[in-house]
Amino acid sequence: MTTAATECMLRMYEDQHKLEDYQSGVPRWCSGCGDNAVLTAVQRLCRDEKLRPEKTVFVSGIGCSSRFPHYMKTYGFHGIHGRALPIAEGVKMARPDLDVFVNTGDGDCCSIGAAHWIHAIRYNMNITVFLHDNQIYGLTKMQASPTSPRGTKSNTTPRGSHLDALKPLTVTLGVQNVSFVAQAVDWIPEVLFDIVKAAYHHKGLSFVRIVQRCPEWLPHQFEPWMQDPQKIQLLHHDQGLRISPAMAKIYKNQLQHDPSNIDRAREIASYDDPLPVGILYRNPEVPCYEDLHNTGQLRTNEYIQAGLEAQFDKFTIEGSKKSRSRPAESPAP
Amino acid sequence: MEADLQQHVAFYLTGKTPGTSLDAVDGLKLRPVLFAGYRDLTRLRYDFPLVLLDGPDAAFVQSLSGLIDGILTQVAGGDDGERVTKHVLRLEQEIRALVAAGESGALSVLWVKAADRLAGTDKLFKDSLGRARAALKTDGEVIDCGAALPVRFLTHAWSRIQQQKARKFQEHIGQLALKLSNILKADFVRSEAGQQAKSLKAAVGGTYDDAFDFEVMSRLLGKGTPKNALPESRRRRIEWAISALESQRFFPLQNGAKKRGEAGKAHSFVFENCIEVLAAIRKRQPEMIELAKAVAIAEFEIDNKYVEARHDSFFREFNENSLDARDLAQFPDYLVCLNADNIQAAENDRLMEILSTGMSVKILVQSDDILAEQPHLALGKRSKQLANMAMGLNDVYVLQASGSHLFQFRDRILKGLSYPGSALFSVFSGASSPDADITPYLVAAAAMDSRAFPAYTFDPSAGPNWASRFYLEANSQVDLDWPVQSVAYEDEAHQRVSEKLAFTLIDFVACDRRYAKHLARVPKAKWNGTMIPVGEFLAREPMSIPDKVPCLLMVDADNVLQKVIIDDKLIREANRCRETWHSLQELGGIHNSHAERLLARERKTWEEHEQQREAKAGPAAAAPVAVPAATAAPAATAATPQPAAAEPEPPSDEAYIETPRCTSCDECTHINSKMFAYDANKQAYIASREAGTYAQLVEAAESCQVSIIHPGKPWNANEPGIDELIKRAAVFA
């Protein structure tokens, strides 16, 4: 809620940013890495949406993709392995006015962070999550991840992995309160950008799986999909993505899919070949946890102090009350 | 002409009965036949009485029967459900009877009173009521349809809207004040005073008093903290904004806020006349502007966006023009409750001034007596005129309804009260009947059904045109002149007779004793075929000397059917009333004359066109289906999109990159950052072919993950290994 005067003045003197204003340092990713494409798409989003750097936060866990916050000239939090989502939720809870993004990898999210992933979907806080899925642990030099296809030879699976790959989209779509699920590939930048933009505009947790190349450890993994446009199935709908004429010319394998249809979304999510690209599911009606949790109570210092005292009092040992003294109130400024 | 008909026509034309066999109806306690079943409303379950519910979260009003139904679904599901239902419905009837007898108060109080009157020693009865009472989770004032209803109903709904508004506003300004205070607090903590040993000691508390040397801490902090205190102008601005936010008087203080003196009490927004409300608005305007300014400044300061060079001058000139409708809508609305009978000329002027300037004032104009003769039947002329004029202003929310219909209009009333601008509620209470036998509810309902006081709303926020703004459908059988109802009675031979009768203005007026002189009862022996129902009479073409007379079916106190003939004066009033109703129908898109005229014109054109076509085609014309088929073919051809002109492809001997497909992976820029560069979207293009060699171009094409670099033909034939390079480049052509 802002007054018309504030809005008018803010618009009058709106900050104009260039892409470079969101760039920080030279990415240390390998050349050819798909992370670069995601970084560019996100920086374009920040520029086009005029996101204020001081009001934007990127949170990550551990892995190649989790170096993402270092390359954004915004606030960032390079967290610990698998814990990007709870950190981001904490940031959003304390500062609902910030735009919060999460960059996590297939190991970070789907292995060590799997529990947090499930509950983050259920909490449906208003954050945008990018799962950079290159199907391999790259930073630690090639170990199989949960999304590595069966037979992937790696340092931990020299004879090829034995298990079928976990499908991040079907898992996400199976969790209660899911509100936005999309899939992009890093080698179609236009569609990647459109999906990143739609995810940002969705109110609730937007989960975007970005299938991306790892030219160092799995250089040929996605070659068939890159070389044959028929193996990419673009999802389009009035309520989803609209395909530009240029894209339609290259990618002729298209499927009209209503993103409000979760059953169909689950079915599409299970396909690998052709690989569906677009918005699988969107439901803006799912409530956000931070809204449900907001009581409207003004959190003054006195209120917070009273709450803390009430909690501490639960642990007071009888007889020691007299010796316990409360800190004096801070003097007024 | 027969003698009886002559007498009837004479009465019809003159309204006089001397020397005839007609009886005066005054004192006969007649009522329209359609009211025969509604003598004791307390025995019927209907919308009234209403319960104006307490509490911020529940609906603001519910009918007593609705509440009881809700309770019964909770407690009457078991084996003894039938017994519980019977007992609770008996209680409901008793409460209804109490309210009809003039009792008032909270539902909880009336419940106890009614239960005491009924319970006696019956344990089962007590058990039923006990269970029902436990399921009743809400309370509120019980009110019947009558003179007090419109004001109580509107005030209660208005309070609910204002409470919601206040909560939102208080939360916002509370947050602003808190955040502004935090800025000052943070500044204090970093200041010299804040870092003195005494302040530090106070901040840590007594428990660890001895564990710290606060003097040393003070020195250490003093050295390490940057010295960038708040500029004095900013501090003053923030302090002013906090003080303005905390001293506002438009909303009550939140719990926990410091108490203010009498002078600081929140303003009242309920008034009994427009003159006072206008004076209050004018007096409070500077205060309102200061508060809005403080809110705007606070928003800037909290966001650290206040730039003195830009904003100082803007806020110096901050005045009423700086506030738009959205800002004004955040402030409380004023409520004025007027009685149509007491509106004087000066008051009327102020009222129109309020409505025409779109101030956030909600006005209730209550009419109690719409049947006063002055000299024509006024039918709430003043309030209806106001409602019509307000609709003409185009941006005023207008609602007209009878008291009996307020509950049905509850959502529309809330909408009107939330409307960001003026709203006018014109309500007929039904409390005018000198005949106590007919309750205000029946009078109000009859006024609406007889088109004397039709219900409608005009909501300027609902859309851009009359079709979306004007709502008339709440009236029964809205497309007819008069609603038609079925009546069944028993004749002399004890046979059931059914008739369909129009409920007209005459039925409504016949309930009022003041109009008895316009009615005359015809003794049963004189009933004949020339007496036709009023509805039928009104539908006939008027004649100077009519061959039929209008007759109304009424019943006496014993529910015996009587026939009453009506004089011409009432018929004329009914015709006027019908004309007014027709105008409303047109506004509501029913029998709209413009639409009908257009339809007739189009139909005529179509018919002419068809005739011409048939004339041209002649008898040997092809089968009709052939025509559309033949015409469809060229249309389809025309609709087929022509192949789009091929996009100009770059010449194959020129190197190029499909830039929109670039994934920004740095492969090419690592090979030669002068030859390859990124554009504003960080996607690669060939910045300068001459900045590198053809070999680098081919290498970049080969290493590009998405194969979007096309090296074209070499520009230097002398480059070493050129033939091999051309071969390698051929796959990217």
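Sequence lines set the chain letters: A, B, ... in the order given, protein chains first and strands last, and positions in each chain run from 1. What you see is a predicted model, and the numbers here were worked out from it, not measured in a lab.
- For A/H70, the NE2 atom counts as densely surrounded, since its 6.0 Å shell holds more than 12 non-hydrogen atoms of other residues, nucleotides or ligands.
- A/R213 has its side chain within reach of B/Q705: a pair of non-hydrogen atoms, C-beta onward, lies under 4.5 Å apart.
- Residues meeting the side chain to side chain contact (heavy atoms under 4.5 Å, CB included) test with B/N321, sequence neighbours left out: B/N319.
- Residues B/K305 and A/R52 are in side-chain contact: their nearest non-hydrogen atoms beyond the backbone lie under 4.5 Å apart.
- Around NZ of A/K197, the count of heavy atoms belonging to other residues, nucleotides or ligands within 6.0 Å does not exceed 12.
- Ranking A/P189, A/C33, A/C30 against chain B, the residue ahead of the rest is A/P189, based on heavy-atom pairs under 4.5 Å.
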Item to complete: Mind running side chain to side chain contact (heavy atoms under 4.5 Å, CB included) on A/E190 and B/Q683 for me, showing each step along the way?
Response: CA-CA 11 Å; A/E190 183 181 321; B/Q683 291 183 301; over 6 Å; no
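- Taking 4.5 Å as the limit, every side-chain heavy atom of B/N304 sits out of range of all side-chain heavy atoms of A/E54.
- In this structure, B/F732 places its CZ atom where more than 12 heavy-atom neighbours from other residues, nucleotides or ligands lie under 6.0 Å away.
- Interatomic distance, A/I250 CD1 to B/E658 CD, rounded to the nearest 0.5 Å: 6.0 Å.
- When heavy atoms are compared at a cutoff of 4.5 Å, B/A680 approaches chain A by way of both its backbone and its side chain.
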Fill in: side chain to side chain contact (heavy atoms under 4.5 Å, CB included) between B/N681 and A/Q43, worked out
CA-CA 9 Å; B/N681 286 336; A/Q43 285 170 344; over 6 Å; no
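- B/K682 contributes atom NZ, which lies 5.5 Å from atom CG of A/L39 (distance to the nearest 0.5 angstrom).
- Within a 6.0 Å radius of CD in B/E192, other residues, nucleotides and ligands contribute 12 heavy atoms or fewer.
- Using a 4.5 Å cut-off between heavy atoms, A/K55 contacts chain B through its side chain alone, with no backbone atom that close.
- Every pair passing ring pair (Phe, Tyr, Trp, His ring centres under 6.0 Å) that includes a residue from residues 22-45 of chain A is listed here, sequence neighbours excluded: A/H17-A/Y22, A/W29-A/Y71.
- At a heavy-atom separation below 4.5 angstrom, chain A is approached by B/R661, B/C662, B/T663, B/S664, B/C665, B/D666, B/E667, B/H670 within residues 661-671 of chain B.
- Contacts of A/L192 with chain B are absent, with no heavy-atom separation under 4.5 Å from either backbone or side chain.
- Within the 4.5 angstrom heavy-atom criterion, no atom of A/E223 approaches chain B.
- Not counting sequence neighbours, the partners of A/D291 by the salt bridge (Lys or Arg N to Asp or Glu O under 4.0 Å) test are A/K203.
- Rounded to the nearest 0.5 angstrom, A/T40 OG1 and B/Y678 OH are separated by 6.5 Å.
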